[in-house]
Amino acid sequence: MEQPALNTSMMELILDNGNMHRAWKQVKRNGGSPGVDGITIDQFPQLVRSRWPGIRHALLHGYYIPSPVLRVEIPKKSGGIRKLGIPTVLDRVIQQAIAQVLNPLFDPEFSDSSFGFRPGRSAHGAIHQVHSYVASGYRYAVDVDLEKFFDTVDHDILMHHVGRTLRDKPVLRLIGRYLRAGVMDKCGGVRVPTPIGTPQGGPLSPLLSNILLHQLDTELERRQLRFARYADDFVILTKSRAEGDTILREITAFLGKKLKLVVNQTKSTVAPIQKCSFLGFTFTAKKICWTQRAYQEFLRTVKQLTRRSWGVSMQYRLYRLKVYIQGWMNYYGISQFYRPVQSIDEWLRRRIRMCYWKQWRYPRTRVRKLLELGVPREYAVIAGSSSKAYWRLSKSYATNAGMSNAWLAQQGLVNIKQLWCKAQGYS
DNA sequence: GTCCGACTAAC
RNA sequence: AUUGUUAGUCGGAC
Ligand SMILES: Nc1ncnc2c1ncn2[C@H]1C[C@H](O)[C@@H](COP(=O)(O)OP(=O)(O)OP(=O)(O)O)O1
Ligand SMILES: [Mg+2]
């Protein structure tokens, strides 16, 4: 069949060998688990090679039917459960290929105040924008979160807005089929239809969610409001509580009526910025601060990593502790406020010492255990002799793991009381 | 700048 | 077991 020379279809761009290869690389590097067909990433290249020409033909001629997504429930960080919808490895590759073509098409249209799921944009960007509004005198925050966001996306409304900039009918039809692919339980084995929602786990879902909530962004911009949005979580800055209350009421109505989305009444608030919590941070008039909640979670996992009953070597334990602190600080390090209650540095050192305390109390058996774990003999012996010697041991391990005083300082984990005094204007 | 791996965070 | 997008840090091959 001869195509008109000048315009190649969108579907051909998606199925382009280079694009498909890039999509497969991405799915492979994610290392995710299989969907309903049970085909793993390792098995996929072999199994798909013979079937690919047929699948490609089906996609080009509009008769490809995606597999339903696998329902897996995982705990949310905030408590409660998250219902994932895991597509087949094949469908993840195809959706990824679609997303790679559609992202550059839609992204330029999106709002400057939209920060979630977008290339070149981050949670930090959203935080800095909110902070700049706070600094310029907006002291009240309307914090809104949507209920079961991905699961409640209305197909018709979404497809209408997708179709306004994507004109290609075959691709639109394929996206529609992905939305209606249905879900299957692992044990049940029966397909349940999905008349609403986009799967939490589909590579295309984040982009689709942004296309839908772009309608919200334009409404907020039309009203000339100061806001930042990250996925379904957004903050609108106002100068008074009353103003915030009416905005929350009107935006709730807008979302319900125009987009058929429900705002989470319990999670959504209007409060002075010190009480608001957005992407793990809160704000004072001058500073960005990590939330109490995020900080407590940090302490909890450090406790976990330094608990005595963990059958791994000290090196590995400290390595894990180091990378965790490094990663955590990487995100939360933009906080300009350090919690005053306790020196994290001192506390950390105490936790590290705890790892060895028990070993010191039972020298004979522990020394042997230490040797088994690959600890050099001289250190193992020192560990069994005295608490003072033990200190040398833990210090040496800590420095071997890269957690020197200088490193801790670099992480912002020393002189915390001093910094706090500065923050309060006492020094 | 591309690609690979480990980890952290937000949703 | 746990999917996806995005950002970041570290290490490696060009
Ligand atoms: N781990 C994840 N994997 C895939 N998608 C996710 C993940 N976390 C969040 N999302 C997507 C799907 C969610 O609908 C959307 C908003 O997240 P979130 O507000 O935490 O949950 P939710 O809106 O589905 O339920 P809730 O009613 O508790 O707010 O972001
Ligand atoms: Mg939500």
Roughly how many Å is it from [atom1] in [X] to [atom2] in [N], rounded to a whole number?
X        : N     : atom1 : atom2 : result
A:Phe110 : C:U6  : CZ    : P     : 13 Å
A:Ile41  : B:dC4 : CD1   : P     : 13 Å
A:Arg29  : C:G12 : CZ    : P     : 19 Å
A:Arg229 : C:A7  : CZ    : C1'   : 16 Å
A:Gln96  : C:U6  : CD    : C1'   : 12 Å
A:Phe281 : B:dA9 : CZ    : P     : 12 Å
A:Ile74  : C:U2  : CD1   : C1'   : 5 Å
A:Ile334 : C:G8  : CD1   : C1'   : 11 Å

Closest listed nucleotide, where the reference is the side chain of [X] and the choices are [options]:
X        : options             : value
A:Pro87  : C:U3, B:dC4, C:U6   : C:U3
A:Arg92  : B:dC4, B:dA9, C:U3  : C:U3
A:Asn330 : C:U2, C:A7, C:G8    : C:G8
A:Leu84  : C:U3, C:U5, B:dA9   : C:U3
A:Ala123 : C:A7, C:U2, B:dA10  : B:dA10
A:Arg22  : B:dC3, B:dA10, C:G8 : B:dC3

Near-ring test [Y]/[X], centroid separation under 6.0 angstrom:
X        : Y        : answer
A:Trp290 : A:Phe298 : no
A:His57  : A:Tyr64  : no
A:Tyr332 : A:Phe281 : yes

Between [X] and [N], is there a side-chain N or O to OP1/OP2 distance below 4.0 Å?
X        : N      : value
A:Tyr332 : B:dA10 : yes
A:Arg82  : C:U2   : no
A:Lys83  : C:U3   : no
A:Asn30  : C:U3   : no
A:Gln26  : C:U5   : yes

Which part of the nucleic acid, if any, lies within reach of [X] when heavy atoms closer than 4.0 Å are counted: base, sugar-phosphate only, or nothing?
X        : answer
A:Gly32  : sugar-phosphate
A:Phe115 : nothing
A:Lys28  : nothing
A:Gly202 : sugar-phosphate
A:Ser33  : sugar-phosphate
A:Ile86  : sugar-phosphate
A:Tyr324 : sugar-phosphate
A:Phe117 : base
A:Gly120 : sugar-phosphate
A:Pro199 : nothing
A:Asn210 : nothing
A:Gln100 : nothing
A:Leu279 : sugar-phosphate

Check your understanding: Ion pair present between A:Arg82 and A:Asp151, side-chain N to carboxylate O less than 4.0 angstrom?
Key -> no
Check your understanding: Is A:Arg223 salt-bridged to A:Glu219, cutoff N-O under 4.0 Å?
Key -> yes
Point to revise | C:A1 - base-pair partner by Watson-Crick or wobble geometry, distances under 3.5 Å | key: none
Study note, to complete from the structure: Taking a pair to mean Watson-Crick or G-U wobble geometry with both distances below 3.5 Å, B:dG5 pairs with C:C10
Check your understanding: Do A:Arg121 and A:Phe115 meet the cation-pi criteria used here (NZ or CZ under 6.0 Å from the six-membered ring centre, within 45° of the axis)?
Key -> yes
Check your understanding: Looking at side-chain heavy atoms only, is the closest gap between A:Leu146 and A:Leu213 below 4.5 Å?
Key -> yes
Check your understanding: Ignoring hydrogens and angles, are the base of B:dA10 and the side chain of A:Tyr331 linked by a donor-acceptor pair under 3.5 Å?
Key -> no
Practice item. Begin from the C-alpha positions of A:Asp107 and A:Arg118 and carry the test side-chain contact (heavy atoms from CB on, under 4.5 Å) through to its verdict. Key: CA-CA 7 Å; A:Asp107 200 76; A:Arg118 290 182 61 191; 2.9 Å; yes
